[in-house]
Engineer: 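Once you've had a glance at the structure underneath, I'll fire off some questions.
Because only heavy atoms are used, hydrogens play no part in the values below, and waters and symmetry mates are left out as well, while side chains stay in. Per chain, numbering begins at 1; letters A, B, ... match sequence-line order.
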Amino acid sequence: GDSVTQMEGPVTLSEEAFLTINCTYTATGYPSLFWYVQYPGEGLQLLLKATKADDKGSNKGFEATYRKETTSFHLEKGSVQVSDSAVYFCAAMTTDSWGKLQFGAGTQVVVTP
Amino acid sequence: EAQVTQNPRYLITVTGKKLTVTCSQNMNHEYMSWYRQDPGLGLRQIYYSMNVEVTDKGDVPEGYKVSRKEKRNFPLILESPSPNQTSLYFCASSLSGGSNQPQHFGDGTRLSIL
């Protein structure tokens with residue numbers, strides 16, 4: 001079945017450091033890929049998405065590129081802030097699972113001043 | 001303001017006592033779904049609904065029921081809760097469920113079943 005695997009956390013960084021969170025997927029066909037962010041006590045918010053190979057999603061300084069050859073969608077940010085502390089989820093949606101997001105386990109990111 | 005509202009936010013209850021978690025959205029969305037979030041497992045879909053009176057099972061439907069009598073509401077029912085249903089629950093909605101439409105999530109309901 002479809003699955004999403006992302007690196008385990010927590011990831012602890014200093015402010016202004018570079019952040020990478022790895023995400024790979026297994027799916028039939030070519031899914032749409034997403035990154036969601038969950039701040040403490042809140043629901044999930046869509047951070048960025050990509051719907052086809054080589055697409056790059058970007059938002060709030062975060063980027064991720066849909067790599068079909070490596071079935072990956074790694075999240076990156078060049079200079080993190082304390083306000084980026086959150087849990088980040090990679091997710092996939094295939095055309096035969098309409099509306100259903102297949103989530104990774106989530107990666108907690110802690111940014112210290 | 002566009003939002004998905006869940007109630008209650010927190011609930012501690014006992015095994016076997018029926019409970020309902022409500023979910024309401026004000027965006028006229030057709031697609032709604034419920035997820036549970038457990039450590040190390042991410043979010044898993046419980047049930048979903050494509051429209052009024054149209055519901056179907058997700059990946060982990062055992063022990064849950066849903067109904068969709070009105071477009072805006074999608075309650076999650078635990079008729080006989082058990083401790084393994086202790087979890088953080090999220091309701092989500094989108095216009096029709098397509099991958100090009102953002103899914104809006106509620107703030108979550110933390111259930112503890114003793």
Engineer: When clusters are formed by joining ILVMFWY residues with side-chain heavy atoms under 4.5 Å apart, either directly or through shared neighbours, do A:Phe89 and A:Phe62 land in the same one?
Structural biologist: no

Engineer: How close do B:Pro102 and A:Leu46 get, counting heavy atoms only, and between which atoms?
Structural biologist: CB-CD2, 4.2 Å

Engineer: Test side-chain contact (heavy atoms from CB on, under 4.5 Å) on B:Leu41 and A:Phe103; report intermediate values, then the result.
Structural biologist: CA-CA 8 Å; B:Leu41 298 176; A:Phe103 285 93; over 6 Å; no

Engineer: Under 4.5 Å heavy-atom distance to chain A, tell me which part of B:Asp59 shows up: side chain, backbone, both or neither.
Structural biologist: side chain

Engineer: Drop me the distance from A:Lys100's NZ to B:Tyr31's OH, to the nearest 0.5 angstrom.
Structural biologist: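 Atom-to-atom, A:Lys100:NZ and B:Tyr31:OH are 8.5 Å apart.
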
Engineer: Hey, does the side chain of A:Lys49 reach the backbone of B:Asn100 with a donor-acceptor pair shorter than 3.5 angstrom?
Structural biologist: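 Present.
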
Engineer: According to a 4.5 Å side-chain heavy-atom criterion applied to Ile, Leu, Val, Met, Phe, Trp and Tyr, with indirect links allowed, do A:Leu44 and A:Val4 form part of one hydrophobic cluster?
Structural biologist: no

Engineer: Pick whichever of A:Cys90, A:Gly104, A:Gly106 has the most heavy-atom pairs under 4.5 Å with chain B.
Structural biologist: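 Winner by heavy-atom pair count: A:Gly104.
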
Engineer: Are A:Met7 and A:Phe73 connected in a single hydrophobic cluster, I mean Ile/Leu/Val/Met/Phe/Trp/Tyr linked by side-chain heavy atoms less than 4.5 Å apart?
Structural biologist: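 In one cluster: yes.
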
Engineer: Is there a path of hydrophobic side-chain contacts, each under 4.5 Å between heavy atoms of I/L/V/M/F/W/Y residues, joining A:Leu48 to A:Tyr25?
Structural biologist: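 Linked within one cluster.
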
Engineer: Would you mind checking which part of B:Arg9 comes under 4.5 Å of any heavy atom in chain A, side chain (CB onward), backbone (N, CA, C, O), both or neither?
Structural biologist: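 Contact with chain A is through the side chain of B:Arg9 alone.
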
Engineer: At their closest point, which heavy atom of B:Tyr35 faces which heavy atom of A:Leu101, and how far apart are they?
Structural biologist: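 Closest approach of B:Tyr35 to A:Leu101, heavy atoms only: OH-N, 3.0 Å.
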
Engineer: Tell me which of these, B:Gly106, B:Ala92, B:Gly108, has more heavy-atom pairs under 4.5 Å with chain A than the rest.
Structural biologist: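 Sorted descending by pairs with chain A, the first entry is B:Gly106.
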
Engineer: Is it the case that atom CD in A:Glu15 sees more than 12 heavy atoms from other parts of the structure closer than 6.0 Å?
Structural biologist: yes

Engineer: Which atoms form the tightest heavy-atom contact between A:Tyr36 and B:Gln103, and what is the distance?
Structural biologist: OH-CB, 3.7 Å

Engineer: Rounded to the nearest 0.5 Å, what separation is found between the CZ atom of B:Phe105 and the CD atom of A:Gln38?
Structural biologist: 9.5 Å

Engineer: For B:Arg44, is the CZ atom crowded, meaning more than 12 foreign heavy atoms sit under 6.0 Å from it?
Structural biologist: yes

Engineer: With a sphere of 6.0 Å drawn around CD of B:Glu53, does it hold more than 12 non-hydrogen atoms of other residues, nucleotides or ligands?
Structural biologist: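 Yes, enclosed.
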
Engineer: Would you check if A:Gln102 and B:Leu43 make a side-chain contact, meaning some heavy-atom pair closer than 4.5 Å?
Structural biologist: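 Not in contact.
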
Engineer: Side-chain heavy atoms under 4.5 angstrom apart, residues restricted to Ile, Leu, Val, Met, Phe, Trp, Tyr: same cluster for B:Ile46 and B:Leu11?
Structural biologist: yes

Engineer: Could you pull out the closest heavy-atom pair between B:Gly40 and A:Ala105, with the gap in Å?
Structural biologist: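 Result for this residue pair: O-CB, 3.4 Å.
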
Engineer: Is it the case that more than 12 heavy atoms not belonging to B:Leu114 sit under 6.0 Å from its CG atom?
Structural biologist: yes

Engineer: With respect to chain A, which residue among B:Gln37, B:Arg110, B:His104 yields the maximal number of heavy-atom pairs within a distance under 4.5 Å?
Structural biologist: B:Gln37

